Trainee: 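Sharing a structure with you now.
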Amino acid sequence: MKILANDGISKSGIEALEKGGFKVITVKVAQNQLENYINEHSIDAILVRSATQVRQELIEACPSLKLIGRGGVGMDNIDVDYAIDNGLHVINTPAASSSAVAELVFAHLLGMVRFLHSSNREMPLEGDSRFKDLKKAYAKGIELKGKTIGIIGFGRIGQEVAKIAIGLGMHVLATDEQIDSESITLDFFNGQKITFNINTVALDQLLKEADFITLHTPAQEDYIITASEIEKMKDGIGIINTARGGVLNEVDLIAGIESGKVQYAALDVFENEPNPEIQLLMNPDLSLSPHIGAATIEAQERIGLELAKQILELLR
């Protein structure tokens, strides 16, 4: 059987699949060429991340497909229901990238509260001529300990964010339409474990009480955070989106920054990928990364092995 890993797969994932008798193809096929490539090479399974779209038209046109795999959590680039209704297996790796995304949240957050996103730009340019001025400008950072983080979406990634926040001494508020309460366990280096029970709260309460708000929801039809929600937040709020473009209204976010309501903002995902709006890219108050939440070596290893395991169970 042939597997097209169109958005790549880890070496360990390839080795596991090849050991199981599969041929793994890692050629990157352009979206408009996928139909021809899959049919010409009789591809049995296609593995994607967020870049490749697997829509009804493609599924319909490629009768050899038996499985669609998503390396990551979100499935909004796949017509899942249609695929399942037509007898295809659809798999993803919901647990493999949770730690990676959660750590990126705090990479942005820790950087923002000490102005690293700005000082890393200014120091190479003016560090030798304006050292004292820059030191004064960036000397009003704040600490995360004792602050309240609001987590919108309390699934696997949201829970990993809570673990790191607790470790830093932060208060945790979480909201989720499906989860009322969740027990999370922190594992320490010496084998000790501590379990915390977190009861979720209403979104309005979270908006009013949090010092920082981080989004961890699937793609939505409507925005979760707009000007209306930002208005309910504390003055000087920090907002981080590593979930999906389209859950946060970017125009309203920039307006909040310009008005002073939003003091810190970080984006790893954008409404218009892979071409984020220039107003975002040129805004010096934003901490930005190019959708790298799950892009760690460790996460990609876990994703590849988890995909391979599921494929071997379903298709071998």
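Here the structure is a predicted model, which means the values were calculated and not measured.
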Trainee: Look at atom CD of Glu273 and say whether more than 12 heavy atoms of other residues, nucleotides or ligands are closer to it than 6.0 Å.
Mentor: yes

Trainee: Report yes or no: do Asp180 and Thr200 form a side-chain donor-acceptor pair below 3.5 Å?
Mentor: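 Thr200 and Asp180 do not have a side-chain donor-acceptor pair below 3.5 Å.
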
Trainee: May I ask you to check whether Thr214 and His216 show a side-chain donor-acceptor distance below 3.5 Å?
Mentor: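 There is such a pair (donor and acceptor under 3.5 Å, judged by atom type) between the side chains of Thr214 and His216.
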
Trainee: Does anything in residues 32-49 form a salt bridge (charged side-chain N to carboxylate O under 4.0 Å, His left out)? List the pairs, not counting sequence neighbours.
Mentor: Asp44-Lys66

Trainee: Side-chain donor-acceptor pair under 3.5 Å between Glu271 and Tyr223, yes or no?
Mentor: yes

Trainee: Is the number of heavy atoms from other residues, nucleotides or ligands within 6.0 Å of CD1 (Ile278) greater than 12?
Mentor: yes

Trainee: Kindly say whether Met233 contributes a backbone atom to a donor-acceptor pair with the side chain of Lys261 at under 3.5 angstrom?
Mentor: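 Yes.
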
Trainee: Could you go through Phe188 and Lys193, starting from their C-alpha distance and side-chain angles, then the distance that decides it, and tell me whether this counts as side-chain contact (heavy atoms from CB on, under 4.5 Å)?
Mentor: CA-CA 6 Å; Phe188 295 96; Lys193 296 183 179 183; 5.9 Å; no

Trainee: Regarding Glu160 and Ser98, is there a side-chain donor-to-acceptor distance under 3.5 Å anywhere?
Mentor: no

Trainee: Would you check if there is a donor-acceptor pair between the side chains of Asn77 and Ser50 at a distance under 3.5 Å?
Mentor: no

Trainee: Just by modelled atom types, is the Ala219 backbone N or O under 3.5 Å from a matching donor or acceptor in the Arg244 side chain?
Mentor: no

Trainee: For the residue pair Val48 and Ile46, what are the closest heavy atoms and their distance?
Mentor: CG1-CG1, 3.9 Å

Trainee: With Arg55, which residues qualify under salt bridge (Lys or Arg N to Asp or Glu O under 4.0 Å), at least two apart?
Mentor: Asp79

Trainee: Would Thr195 and Thr185 count as a side-chain hydrogen bond (donor to acceptor under 3.5 Å, both in side chains) if you check the C-alpha gap in whole Å, the side-chain angles of each, and the deciding distance to 0.1 Å?
Mentor: CA-CA 4 Å; Thr195 298; Thr185 301; 2.9 Å; yes

Trainee: We want to know whether Thr52 and Asn6 form a side-chain donor-acceptor pair, criterion being a heavy-atom distance below 3.5 angstrom.
Mentor: yes

Trainee: Say whether, by atom type as modelled, one donor and one acceptor occur between the side chain of Ser287 and the main chain of His108 under 3.5 angstrom.
Mentor: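 Pair absent, no side-chain N/O of Ser287 close to backbone of His108.
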
Trainee: Ignoring hydrogens and geometry beyond distance, is a side-chain donor-acceptor pair present between Ser181 and Asn199 at under 3.5 Å?
Mentor: yes

Trainee: Is any side-chain heavy atom of Tyr138 closer than 4.5 Å to a side-chain heavy atom of Ser118?
Mentor: yes

Trainee: What residues, two or more places apart in sequence or in another chain, satisfy salt bridge (Lys or Arg N to Asp or Glu O under 4.0 Å) together with Lys28?
Mentor: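 With sequence neighbours excluded, Lys28 shows a salt bridge (Lys or Arg N to Asp or Glu O under 4.0 Å) to Asp7, given in chain and number order.
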
Trainee: So, Ser10 and Ser12: side-chain donor and acceptor under 3.5 Å apart, yes or no?
Mentor: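 On atom types as modelled, these side chains qualify, holding a pair under 3.5 Å.
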
